[in-house]
Amino acid sequence: MRIQLQNVSKRFGALVALDDVTLTIPAGARVALAGSNGSGKSTLVRAVVGLTPCRGVTVDGIDPFVDRLSTASRIAYVPQVAPLVGAAVGELVEVVAALRRITPREIRQVAAALGLPIDLVDRRPLRALSGGMKQKLLVALALAAPVSLVVLDEPTASLDASARSVFFDLCRERLSGATVLISSHRPDEVAELADRVVTLSDGRIEDDEPAAAWSARRSAGRTLQHSDARIETRPQEVRA
Ligand SMILES: Nc1ncnc2c1ncn2[C@@H]1O[C@H](COP(=O)(O)OP(=O)(O)OP(=O)(O)O)[C@@H](O)[C@H]1O
Ligand SMILES: [Mg+2]
């Protein structure tokens, strides 16, 4: 699916969360959104999946907010923060399986691979799960069925190391050919899942570059910081 943002701005009162963003993500492209906290990544993601109204956003030519139902059935979305729904985990699995035209068992298998045995939490409301358990469930709900657009908002932020490694395996198996939009602070996620990195700053696009160039700049920045730190500590070392 093709994502197009044309001169998109989004305000919350006086605050400008997105400021004249123009971005094309062709079908099959894999794009990461980077940028510091509050730079607008989740706002852009929510506009693309139709959770927030935003003029100038289209997915395959359709406004995702206006046509929310059809968009939701074709997009796999992992939100940064799980919705505070009171529905039990088992009920959510049933509903999403029906929407995606798969069996609940397929979702349960993906969740189990991530280390979340759903049978043990079937009757608990989603909001009563721990942060990592919620994220495992949301990933399982999103990745159990094949889709053509996958939107991930910091999908591994709360996952333990083994779940993170299973998550990357699942992505390798299931996302080939899909359009991927991921918001991330993690170099490992970007390297695994994106070919291109768009960096936001105060709601504007600051950089748009190949993922390899973004990674190289980050490691160069870290090396520079380390060598600066060595220079700063040298006088004390001499005194000692
Ligand atoms: N519903 C809302 N109401 C008011 N302000 C909002 C709302 N959603 C986001 N904002 C503001 O918009 C700005 C961008 O927020 P956003 O969540 O898009 O940032 P982000 O890049 O995803 O940050 P993070 O890395 O912390 O997840 C922030 O200043 C935030 O406070
Ligand atoms: Mg965010």
Side-chain angles (χ1 to χ4, degrees), residues 3-25 29-59 63-66 68 71-72 75-85 126-127 129-139 141-143 149-159 163-164 167 171 179-194 196-209 211 214-215 217-218 221-222:
I3 302 170
Q4 178 73 50
L5 286 86
Q6 191 66 48
N7 304 108
V8 170
S9 293
K10 178 76 189 176
R11 287 169 184 275
F12 296 104
L15 188 133
V16 182
L18 293 176
D19 188 4
D20 199 27
V21 171
T22 293
L23 177 66
T24 302
I25 302 178
R30 295 149 59 97
V31 173
L33 296 174
S36 51
N37 295 134
S39 55
K41 303 179 298 296
S42 293
T43 305
L44 193 158
V45 157
R46 288 169 58 79
V48 167
V49 299
L51 285 174
T52 190
C54 225
R55 276 180 58 185
V57 180
T58 55
V59 176
D63 180 330
F65 184 77
V66 172
R68 257 171 295 172
T71 310
I75 299 180
Y77 169 51
V78 177
Q80 183 173 8
V81 178
L84 281 174
V85 291
L126 174 67
R127 61 166 179 247
L129 300 187
S130 77
M133 290 161 90
K134 278 183 205 151
Q135 200 155 35
K136 286 175 181 177
L137 180 66
L138 292 170
V139 167
L141 293 172
L143 297 187
L149 173 58
V150 182
V151 180
L152 308 164
D153 198 348
E154 302 195 30
T156 72
S158 319
L159 294 187
R164 186 171 293 133
F167 169 79
C171 289
T179 311
V180 177
L181 177 63
I182 173 172
S183 146
S184 181
H185 295 285
R186 299 186 56 97
D188 58 343
E189 277 179 354
V190 172
E192 273 287 340
L193 295 170
R196 174 179 158 203
V197 180
V198 173
T199 304
L200 295 179
S201 173
D202 291 332
R204 297 182 76 89
I205 293 184
E206 189 181 60
D207 274 305
D208 186 342
E209 61 199 328
W214 180 83
S215 301
R217 264 196 316 122
R218 277 179 62 96
R222 263 200 307 278

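Heavy-atom basis, side chains included; hydrogens, waters and symmetry copies ignored. Whatever order the structure lists ligands and atoms in, that order sets their numbers, starting from 1.
The backbone N or O of Asn7 lies less than 3.5 Å from a partner atom in the side chain of Thr22, making a donor-acceptor pair. Side chain of Lys10 to backbone of Pro53: a donor-acceptor contact under 3.5 angstrom is found. Remark: the backbone N or O of Leu159 is not paired with any side-chain donor or acceptor of Thr156 at under 3.5 angstrom. The backbone N or O of Ser158 lies less than 3.5 Å from a partner atom in the side chain of Gln135, making a donor-acceptor pair. Between the side chain of Arg30 and the backbone N or O of Glu192, at least one donor-acceptor pair lies under 3.5 Å. Distance alone, capped at 3.5 Å, places no donor-acceptor pair between the Thr199 side chain and the Gly35 backbone.
Under the 4.0 angstrom criterion for non-hydrogen atoms, Lys10 is not in contact with ligand 1. Close to ligand 1: Ser39, with a non-hydrogen atom less than 4.0 angstrom away. Not a single heavy atom of Arg46 sits less than 4.0 Å from an atom of ligand 1.
The closest protein non-hydrogen atom to atom 17 (O) of ligand 1 is Ser42 CB, 3.6 Å. Remark: minimum distance from atom 25 (O) of ligand 1 to any protein heavy atom is reached at Lys41 NZ, 2.8 Å. Among all protein heavy atoms, the one lying closest to atom 26 (O) of ligand 1 is Asn37 ND2, 3.0 Å. Nearest to atom 18 (O) of ligand 1 among the protein's heavy atoms is Thr43 OG1, 2.6 Å. Counting only heavy atoms of the protein, atom 1 (N) of ligand 1 lies nearest to Phe12 CE2, 3.6 Å.
Put simply, Asn37 stays out of reach of the Mg ion (ligand 2), with no N, O or S atom under 2.8 Å from it. Here Ser183 does not reach the Mg ion (ligand 2): none of its N/O/S atoms is less than 2.8 Å from the metal.
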Exercise. Determine, step by step, whether Asp208 and Arg196 satisfy the salt bridge (Lys or Arg N to Asp or Glu O under 4.0 Å) criterion, reporting the C-alpha distance in whole Å, the side-chain angles of both residues, the deciding distance to 0.1 Å, and the verdict.
Key: CA-CA 7 Å; Asp208 186 342; Arg196 174 179 158 203; 2.9 Å; yes
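In terms of polar-atom proximity, defined here as any N/O pair under 3.5 Å, Gly38 does make such a contact with ligand 1. Residue Leu15 has no nitrogen or oxygen atom sitting less than 3.5 Å from a nitrogen or oxygen atom of ligand 1, judged on distance alone.
In the vicinity of Gly40, heavy-atom distances shorter than 4.0 Å reach the ligand 1 atoms 14 (C), 18 (O), 19 (O), 20 (P), 21 (O). For ligand 1 and Gln80, the ligand atoms under 4.0 Å from any heavy atom of the residue are 27 (O). Of all atoms in ligand 1, listed by their number and element, those nearer than 4.0 Å to a heavy atom of His185 are 25 (O). Near Glu154, meaning under 4.0 Å from one of its heavy atoms, ligand 1 places the atoms 25 (O), 27 (O).
Summarising the geometry, atom CG belonging to Leu141 is positioned 14.0 Å from atom NZ belonging to Lys136; distances are rounded to the nearest 0.5 Å.
Looking only at side-chain heavy atoms (C-beta outward), Leu152 and Phe167 come within less than 4.5 Å of each other.
For atom 13 (C) of ligand 1, a protein heavy-atom neighbour is present inside the 4.0 Å cut-off. Under the 4.0 Å distance rule, the nearest protein heavy atom to atom 21 (O) of ligand 1 falls inside the cut-off.
Annotation for Asp188: atom CG counts as buried by contact number, over 12 foreign heavy atoms lying within 6.0 Å.
Checked options Val45, Val150, Leu138; the residue passing with Tyr77 is Val45 (criterion: side-chain contact (heavy atoms from CB on, under 4.5 Å)).
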